[in-house]
Amino acid sequence: MPELPEVEIMARNLDRWTAGRVLTGVTVVDERVDSGGVVAWSAGAAGQTVGRSWRRAKYAVTEVGSRVLVLHFRMTGKVVAAEPGTRKAERLVLHLATQAGRPDAVVFDDARHLGNAWVRPREGLDTWFSQDRKLGPEPWPMRRTAAFWHHQLGHTRRPVKVALMHQESIAGIGNILASEVLWRARIDPKRPARDLTTADWERVAEAVAGVVDDTLARDSGDEIAYVNSRGGSTRGVASPFSVYRCEGQPCPRCAAPVERFKQSGRSTFWCATCQGST
DNA sequence: TAACTTGTTTAAAC
DNA sequence: TGTTTAAACAAGTT
């Protein structure tokens with residue numbers, strides 16, 4: 001499931017594959033992917049030049065002329081450099097004028113068809129993200145201080161794990177990242193966010209940077225290596241996570257069994273020994 | 001087969 | 001009124 005680090009990789013790939021190139025056409029394979037403006041734009045897209053691509057929260061943004069193509073991947077979406085027609089669940093295809101060493105097409109592949117795409121004016125994009133999409137500030141790559149985390153999340157009584165996933169407070173942290181960050185920071189996921197101390201937020205700040213950087217180092221490549229639905233711990237393949245989907249397995253830090261419970265309908269994984277309340 | 005998986009939206013409850 | 005939780009939704013896997 002693409003969270004902040006995976007979307008960062010896909011945005012970098014998009015940039016590497018498409019920046020500065022001319023579109024020869026856009027195929028909207030599945031019109032349901034269009035959450036605004038995509039179908040209308042696709043008809044006249046040929047001939048336009050692609051600009052830079054970057055990430056905002058869990059969205060990938062690609063400049064095309066004076067507009068931007070915005071992608072959200074939800075659970076199973078990903079962008080790949082592939083021959084059109086070779087993927088099982090293609091939803092959107094960008095065709096590019098041939099250029100040596102770069103792909104002729106970029107495919108938005110999305111097995112469960114839950115992803116979304118928009119085409120919007122480049123102008124006002126920041127406002128659209130912050131106001132319409134209700135996205136808070138980015139937790140990465142800039143180094144955020146303990147004071148920043150406290151300011152964004154320290155007001156609520158909600159459990160800190162639930163608070164971390166609230167996109168309006170901080171944008172880009174999902175269920176996986178939240179569990180991993182709290183394990184790394186040795187914080188009980190059930191603690192009310194407002195009860196965390198400056199020292200706790202300091203560890204959160206460090207843990208976010210650490211988990212994101214580690215994931216980027218591990219997963220960078222042409223195609224996102226999704227954790228499969230067995231949690232990446234299938235025969236012989238080590239789980240890339242410390243606690244996520246590692247229920248019953250030994251905590252990498254103290255060897256106590258990792259536990260699981262539900263918060264706001266979502267599975268939280270943690271080590272009760274390492275992360276016990278203080 | 002029914003339960004589980006995701007982020008987001010909407011409705012309901014506290 | 002503001003905060004918080006629960007349910008619904010998309011669709012495919014186990």
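In what follows, chains carry the letters A, B, and so on, assigned in the order in which the sequence lines appear, proteins first and then strands, with residues in each chain numbered from 1.
At whole-Å resolution of the value, NZ in A/Lys78 and P in C/dG12 are 14 Å apart. Note: CE (A/Met75) to P (C/dA11) measures 13 Å, nearest angstrom. Rounded to whole Å, the distance from CG on A/Asn116 to C1' on B/dT8 is 9 Å. One atom, CD1 of A/Ile173, and another, P of B/dT8, lie 12 Å apart when rounded to the nearest Å. Put simply, CG on A/Asp110 is 10 Å from C1' on C/dA11, counting in whole angstrom units. Between A/Gln263 atom CD and C/dT5 atom C1' the separation is 12 Å, expressed in whole Å. Note: CZ (A/Arg157) to P (C/dT5) measures 10 Å, nearest angstrom. For the pair A/His166 NE2 and C/dT4 P, the computed distance is 9 Å after rounding to whole Å.
Cluster membership for A/Ile187 and A/Leu153, using ILVMFWY side-chain heavy atoms within less than 4.5 angstrom, is shared.
Closest contact between the side chain of A/His113 and the listed nucleotides B/dT6, C/dA11, B/dT8 involves C/dA11. Side-chain atoms of A/Gln167 lie closest to B/dT8 of the nucleotides C/dA11, B/dT8, B/dT5. Of the listed nucleotides (C/dT5, B/dT5, B/dT6), B/dT6 has the atom at the smallest distance from the side chain of A/Asn175. The nucleotide whose nearest atom lies closest to any side-chain atom of A/Arg158 is, among B/dT5, B/dT9, C/dT5, C/dT5. Counting only heavy atoms from C-beta on, A/Arg245 has its side chain closest to B/dT5 among C/dT5, B/dT6, B/dT5. Of the candidate nucleotides B/dT8, C/dG12, B/dT6, B/dT6 has the atom lying nearest to any side-chain atom of A/Leu114.
Between A/Ser264 and C/dA6, a side-chain N or O to OP1/OP2 separation shorter than 4.0 Å is absent. The phosphate of B/dT9 has OP1 or OP2 within less than 4.0 Å of a side-chain N or O from A/Arg133. Distances shorter than 4.0 Å separate none of the side-chain N or O atoms of A/Tyr244 from OP1 or OP2 on B/dT5. Considering only side-chain N and O atoms, A/Thr156 lies nowhere under 4.0 angstrom from the phosphate OP1 or OP2 of C/dT3.
Here the SG atom belonging to A/Cys254 is positioned 8.5 Å from the CZ atom belonging to A/Arg186, to the nearest 0.5 angstrom.
In this structure, A/Gly174 and A/Lys58 approach most closely via the heavy-atom pair CA-NZ, 3.5 Å.
Within the nucleic acid shown, A/Glu3 comes within 4.0 Å of sugar-phosphate atoms alone, with no base atom in reach, counting heavy atoms only. At the heavy-atom level, A/Lys58 lies under 4.0 Å from the strands shown only through sugar-phosphate atoms. Backbone-only contact: A/Lys262 has heavy atoms under 4.0 Å from sugar-phosphate atoms and none from a base. Across all strands, A/Arg91 comes closer than 4.0 Å to no nucleic acid atom at all (heavy-atom distances).
Checking each of A/Trp183, A/Tyr244, A/Phe261 against A/Phe269 for a ring-ring contact (aromatic ring centres under 6.0 Å, His included) leaves exactly one that passes, namely A/Tyr244. A salt bridge (Lys or Arg N to Asp or Glu O under 4.0 Å) with A/Asp110 is found for one member of A/Arg91, A/Lys78, A/Lys88 and no other, namely A/Arg91.
C/dT1 is unpaired under the criterion used here, namely a Watson-Crick or G-U wobble arrangement in which both key atom distances are under 3.5 Å.
Judged by atom type and distance alone, A/Arg74 does not reach the base of B/dT8 through any side-chain donor-acceptor pair under 3.5 Å.
Under a cutoff of 6.0 Å and an axis angle of 45°, A/Arg55 and A/Trp140 do not form a cation-pi pair.
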